[in-house]
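All remarks here apply to the structure that follows.
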Protein chains: 2
Amino acid sequence: MLRRMEQMKQPRVESVEKALSILEAFTKDRPAMTLTEISVETGLYKSNVSRLAASLERYGFLKRDPNRRFRLGPALWRLGALYRRNFELGESVRPVLRQLVRETGETASFYVPDQDERLCLYRENSPDPVRHHLDEGARLTMHSGAAGHVLAAFYLGDSKAKSRLGTDGSCVSQGERNPHISAVAAPVIDANGQFHGALAVSGPHERLGHDALAKARIAVLSSARDLSQSLA
Amino acid sequence: MLRRMEQMKQPRVESVEKALSILEAFTKDRPAMTLTEISVETGLYKSNVSRLAASLERYGFLKRDPNRRFRLGPALWRLGALYRRNFELGESVRPVLRQLVRETGETASFYVPDQDERLCLYRENSPDPVRHHLDEGARLTMHSGAAGHVLAAFYLGDSKAKSRLGTDGSCVSQGERNPHISAVAAPVIDANGQFHGALAVSGPHERLGHDALAKARIAVLSSARDLSQSLA
DNA sequence: AAAGATGTTGCGCAGAATGGAACAAATGAA
DNA sequence: TTCATTTGTTCCATTCTGCGCAACATCTTT
């Protein structure tokens with residue numbers, strides 16, 4: 001829970017990190033918690049949580065539902081939308097994703113680094129009912145999957161990840177994160193050399209065999225180049 | 001900036017509120033700030049901001065762009081998406097909004113309370129090029145506009161706002177917040193009596209005259225009832 | 001180079017944040 | 001109903017964190 005806090009002695013503000021760890025404790029499967037649950041989940045004392053939560057609530061980062069359970073507050077959505085707007089990305093990325101879906105028939109996504117994980121920032125799903133489904137906003141590990149390797153290599157500078165990449169920066173994975181899914185990913189880097197994220201196409205390995213993957217790789221690389229253009 | 005903190009002596013954690021006020025300082029027009037700018041904007045000392053920001057950054061609530069300026073971080077987007085999912089609202093609201101647009105030809109929106117303001121959670125724009133445009137995620141005052149009055153009445157319990165409402169809870173405004181815009185709004189309340197937000201239709205007052213407004217009012221009220229059903 | 005910003009670090013003191021227990025309020029069982 | 005249990009808040013003494021501020025780095029600009 002408070003893993004990150006226990007580390008080295010960099011400048012930090014303890015109570016702030018405790019408060020943030022409360023927010024962090026909310027997940028898709030745990031969208032509402034009682035004070036005691038939060039206390040257990042974070043390892044903080046109830047009295048402490050009570051006070052931290054009060055501040056979070058005042059600023060709209062938490063709110064209490066009719067049963068007085070805590071839920072995430074509207075301020076998060078406002079700021080989340082703002083964060084998202086920062087990337088003018090969206091406007092450039094979406095059309096590219098749709099184009100990729102049209103070309104490959106599979107699902108296309110755009111991932112960015114989020115701490116030591118990766119965040120699915122944008123996604124266009126395959127029209128096929130049998131497809132690799134995932135919500136925008138979902139977080140996956142950065143240490144597996146084609147897009148994961150690309151991010152690890154370009155963002156973290158992970159040398160093991162680098163070695164998995166082709167000279168063009170692309171990466172292929174088959175059944176890595178999920179045994180039934182294959183994927184291709186490529187980095188998106190603007191004219192200034194700034195790394196933005198990874199473009200990926202993924203689908204069931206029944207459809208994405210050797211040949212289909214090779215085709216998809218070309219498509220992804222080409223799209224990544226297009227994106228680089230429009231970001232310059 | 002720190003208005004909210006200076007108030008009464010409720011349980012709170014000062015440094016946490018300072019940190020949150022840093023996040024609050026980000027706006028659409030100020031999506032990136034240097035440390036000094038944040039310091040000025042929040043009234044906090046630079047050294048203080050530096051340390052608070054370090055913690056926010058560790059948890060992904062802030063990040064630094066290539067020029068080392070601060071921007072909102074990906075954690076916000078993740079949590080924002082989670083917040084939003086809490087309302088299964090979206091899935092119920094969107095179709096209703098689209099239906100309203102079809103019926104009235106004007107823009108339809110759904111507002112929820114956010115602190116002492118109102119947040120435009122969902123919006124479907126009129127197909128007409130001349131329309132009342134506003135982004136999802138935008139915040140407006142709760143003290144003017146038809147939807148504002150509805151929220152003030154039902155959420156804050158503001159008696160002045162209540163007096164502006166019809167017996168059906170609906171409210172009409174003409175040129176209140178913006179001289180060229182008229183609007184109608186109605187509360188959305190589920191079967192348990194839980195208030196969820198305000199449904200509104202808005203457009204240029206040239207089109208939304210007496211008759212059109214009356215028609216829109218019927219449509220909004222009917223849609224609000226439909227929504228109440230699907231939330232029960 | 002020199003001058004101006006901008007960001008970070010060190011330090012001592014004030015007082016904020018905390019743990020723990022006692023208290024209050026809600027829930028549920030009997 | 002009353003009693004037991006769980007959940008949340010308030011109080012208080014102690015401690016150590018967070019703070020202001022100045023000095024120190026680190027970049028920009030001229």
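For the numbers below, each heavy atom of this structure counts, side chains included, while hydrogens, waters and symmetry mates do not. Note on naming: letters A, B, ... go to the chains in the order of the sequence lines (proteins, then strands), and numbering restarts at 1 for each one.
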Going by the rule side chain to side chain contact (heavy atoms under 4.5 Å, CB included), which residues pair with [X] if we only count those two or more places apart in sequence or in a different chain?
{"X": "A:Ser223", "value": "A:Val96, A:Leu100, A:Leu199"}
{"X": "B:Ser50", "value": "B:Leu35"}
{"X": "B:Ala53", "value": "B:Leu62, B:Phe70"}
{"X": "A:Glu124", "value": "A:Arg94, A:Leu97, A:Arg98, A:Val101"}

[X] has an atom [atom1]; how far is it from atom [atom2] of [N], in whole Å?
{"X": "A:Leu44", "N": "D:dT7", "atom1": "CG", "atom2": "P", "value": "18 Å"}
{"X": "B:Lys18", "N": "C:dG15", "atom1": "NZ", "atom2": "P", "value": "12 Å"}
{"X": "B:Glu41", "N": "C:dT6", "atom1": "CD", "atom2": "P", "value": "14 Å"}
{"X": "B:Asn48", "N": "C:dC13", "atom1": "CG", "atom2": "P", "value": "20 Å"}
{"X": "A:Leu52", "N": "D:dG8", "atom1": "CG", "atom2": "C1'", "value": "15 Å"}
{"X": "B:Glu14", "N": "C:dA16", "atom1": "CD", "atom2": "P", "value": "6 Å"}
{"X": "B:Leu35", "N": "C:dT9", "atom1": "CG", "atom2": "P", "value": "12 Å"}

Do the side chains of A:Glu41 and A:Arg30 get close enough for a salt bridge, i.e. N-O under 4.0 angstrom? yes

Is the shortest distance from a Lys or Arg side-chain nitrogen in B:Arg164 or B:Glu176 to a carboxylate oxygen in the other one below 4.0 Å? yes

Please identify each residue that fulfils side-chain hydrogen bond (donor to acceptor under 3.5 Å, both in side chains) with B:Asp158, with sequence neighbours left out. none

Side chain of A:Val13 (C-beta onward), nearest among C:dT6, D:dG18, D:dT7: D:dG18

B:Tyr155: ring-ring contact (aromatic ring centres under 6.0 Å, His included) partners, not counting sequence neighbours: none

Taking only side-chain nitrogens and oxygens of B:Ser15, does any of them come within less than 4.0 Å of OP1 or OP2 of D:dT17? no

D:dG8 OP1/OP2 closer than 4.0 Å to side-chain N/O of A:Ser50: no

Summarise how protein sits on nucleotides 25-30 of chain D as a single string, 5' to 3': B when a protein heavy atom is under 4.0 Å from the base, S for sugar-phosphate-only contact, - for no contact. ------

Letter by letter from the 5' end, nucleotides 21-29 of chain C scores (B base, S sugar-phosphate only, - none; protein heavy atoms under 4.0 Å) ---------

Of B:Arg51 and B:Lys46, whose nearest nucleotide on DNA chain C comes first from the 5' end? B:Lys46

DNA chain D nearest-nucleotide lookup for A:Met33 and A:Val16: closer to the 5′ end is A:Met33

Test salt bridge (Lys or Arg N to Asp or Glu O under 4.0 Å) applied to B:Glu57 - qualifying residues, sequence neighbours left out: none

